[in-house]
Amino acid sequence: MIEREEREKKILEILRNSETLVSGTYLAEFFDVSRQVIVQDIAILKAKNIDIISTNRGYRLLSKGIKKIIKVKHDDSEIRNELNAIVDLGASVEDVFVIHKTYGEIRVKLDIKSRRDVDLLVENINSKLSKPLKNLTDNYHYHTIIAENENIFKEVEDKLKELGILLEE
């Protein structure tokens, strides 16, 4: 029997490569463990912010990757650099949100996956139709980042630190 961490990695690999729901019974048989062990593994993966959908017929990944939230601060002129740094490393930007002292959390879906998406967003901002959400909170804002694996996410964090815009929580 393989260790829990190794089993979790393999479960993620199976879910990433599956186009359909993967049953708990299949996973239990594959790993030669009980279904309850699989339920616990899935709960641990969900606690690590991995979007796994649990149904009565099986499991599937909502997104094909690891989701994490980062806190950043920069002025408007750095929006393109920030987002290009993320997509150039193979990650995507699901959203942007701020925590406003009066209104609470304000979140906007972005779905930025390429330089083209970045260009379209920056064009819209430059057209002066509206201002970036971060301007409500003195440039502080958050992004939900999706990366295929921890290594890519680490590279994104390192690059944003190098650019001087990633803030530590």
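Rounded to the nearest 0.5 angstrom, N81 CG and L163 CG are separated by 6.5 Å. Atom CG of L110 sits about 7.5 Å away from atom CG of L83, to the nearest 0.5 Å. For the atom pair CG (D111) and OG1 (T144), the distance works out to 11.5 Å, reported to the nearest 0.5 Å.
Using a cut-off of 4.0 Å between Lys/Arg side-chain N and Asp/Glu carboxylate O, D75 and K134 are scored as not salt-bridged. A salt bridge does not link E13 with R16: none of the charged nitrogens is closer than 4.0 Å to a carboxylate oxygen. The residues R4 and D41 are annotated as not salt-bridged, no charged nitrogen and carboxylate oxygen being separated by less than 4.0 angstrom. Salt bridge annotation for D158-K154: present, with a cationic side-chain nitrogen under 4.0 angstrom from a carboxylate oxygen.
Every side-chain hydrogen bond (donor to acceptor under 3.5 Å, both in side chains) that K68 has, sequence neighbours left out, goes to E150.
The number of heavy atoms from other shown groups lying within 6.0 Å of CD (E5) does not exceed 12. Other residues, nucleotides and ligands place more than 12 heavy atoms under 6.0 Å from the NZ atom of K73.
Note: H74 and H141 have perpendicular aromatic rings, judged against thresholds of 30 and 60 degrees for the angle between ring planes.
Under the side-chain hydrogen bond (donor to acceptor under 3.5 Å, both in side chains) test applied with E94, the options K67, K109, R107 reduce to a single match, K67.
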